[in-house]
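This report refers to the structure that appears directly beneath it.
Ligands are counted one by one from 1 in listed order, and the atoms in each one are counted from 1 as well.
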Amino acid sequence: MSTSDGPLSGRHIVLGVTGSIACYKALDITSQLVQAGAVVDIAMTASATKFVTPLTFRSLTAREPYVDMWHPHGEFGEAHVELARRADLMLIAPATASAMARLAHGLADDFVSLTALATEAPLLLAPAMDSQMWSHAATQFNRALLEERGAQFIGPAEGRLASGRTGAGRLVEPRAIVDEVRARLGRERGDLRGRTIIVSAGGTREAIDPVRFVGNHSSGKMGRAIAEAARDRGASVVLVTTVAGDAPSAVRVVSVDSADDMSAAIHERVGKADALIMAAAVADYRPADAAQQKIKRGEVGDISIDLVENEDIIAGVSEPNLVKVAFAAETQDLIANAQKKLASKGAKLIVANDVTATDAGFGTDTNRITILDTDGGREDVPLMTKYECAMRILDRVAELLPRAD
Ligand code: CTP
């Protein structure tokens, strides 16, 4: 995917960097924002420049960082106003205790606080400091004040701190910060804002005994991409997945194992959902009686496992107005099989893919899909990233959702 069509393409983000050892992570954040297609302007405090140089940021953004308030930036005297006006979002990462105090009091004595004061864009802060400083009454007072004024905090996370102590104060991982930026921009003006979308992902695991299961090759990547794309378009997303370890941030993740677990998690939440997108590879059968203890070799000789049928989750969900999207992973007669499933599952759309292809389907980062609808329509989507495929699927879902009043 080129940056021109990345999830943040066309978005202008001001990244404020204040003086903390975590400044080195701001480089990674910058790189990820740029790779996602955003135009990133850096505002730095003088202390931040002691940890990393403006030159490094300039190399990543191909833009001159804003550091010295008295340096003519082409638009001398108005640089901060220009920057503040252009921003779709301002992120301060790392945000030190001192930066939080300056913002809370409305000071404007460096480029970061100056821009934060001048902008009307959403303000996100990712704090980084020692745990004592974070829990100090002054910092907590400033946090509450800033939240009351609409600022959103990301973290801090718990963990090992530069001081050697362990506690709350670590900068949240760059990928999660970038996810929060994407989610926030989606909620501001995405076409799915206000919608709740349940996405299932991964292959279910049906227990044979406490250590073995019947499973399949689904990696959960397509479902994950749909969850991310729906989040980026402003939806509240519930991702019901068997591969929660790699789940995206700013998405509600429900970790499940078996088809029964997945069914329970979906039935519990589907009443409040606008769409259900079943990208999971749900096992059709499970062992009739999972052994309570590990089956030992030699004790029973050859064994056979009786399988009983699982519930068809998507077919069993019948909420009025719910847009149901099924998937058909096939190895032969792709379109004919998908058409049959579209009808039998009561879905509005079915996404068919040939899992025998090496560049599409299970485990890959790309997919080649065909979307079929109940009016006999067929959309062939050529090979593209799973995120881009997800966007195509969501375009169709958005058309089918009842108008929001
Ligand atoms: N599905 C489901 N519950 C099941 C099995 C499948 O909700 N017990 C959903 C899948 O998540 C997918 C769609 O139904 O969205 C089709 O899944 P697939 O396994 O291809 O279809 P099956 O109905 O199981 O048909 P078959 O295995 O015979 O191809």
### Query
What part of I313, side chain, backbone, both or neither, has a heavy atom within less than 4.0 angstrom of ligand 1?
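Both backbone and side chain.
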
### Query
Only one of R11, R85, R63 forms a salt bridge (Lys or Arg N to Asp or Glu O under 4.0 Å) with D41, so which one is it?
R63

With a cut-off of 4.0 Å, which atoms of ligand 1 are near a heavy atom of [X]?
X: A326; value: 15 (O)
X: K345; value: 1 (N), 6 (C), 13 (C), 14 (O), 16 (C), 21 (O), 22 (P), 23 (O)
X: M278; value: 7 (O), 11 (O), 12 (C), 15 (O)
X: A280; value: 10 (C), 11 (O)
X: I314; value: 2 (C), 7 (O), 9 (C), 14 (O)

### Task
For the pair D380 and R392, find out whether any cationic side-chain nitrogen is under 4.0 Å from an anionic carboxylate oxygen.
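No salt bridge links D380 with R392.
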
### Task
Flag the pair K294 and D209 as a salt bridge only when some basic side-chain nitrogen lies within less than 4.0 angstrom of an acidic carboxylate oxygen.
no

### Query
In Å, rounded to the nearest 0.5 Å, how long is the span from CG of D365 to OH of Y387?
14.5 Å

I want to know if ligand 1 touches [X] in the polar sense, i.e. an N/O pair below 3.5 angstrom.
X: A315; result: no
X: F327; result: yes
X: N310; result: no
X: E311; result: yes
X: K341; result: yes

### Query
Is the closest side-chain donor-acceptor distance between T56 and T53 under 3.5 Å?
yes

### Message
Side chains of T139 and R143 only: does a donor on one sit below 3.5 Å from an acceptor on the other?
### Response
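On atom types as modelled, these side chains do not qualify, holding no pair under 3.5 Å.
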
### Message
Test your reading of the model: is there a side-chain donor-acceptor pair from D191 to the backbone of A398, 3.5 Å cut-off?
### Response
no

### Query
Nearest non-hydrogen atom to atom 5 (C) of ligand 1 belongs to which of D260, V317, D284?
D284

### Query
So with a 6.0 Å cut-off around NE2 of H267, is the heavy-atom count from everything else above 12?
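Atom NE2 in H267 is crowded, with more than 12 foreign heavy atoms closer than 6.0 Å.
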
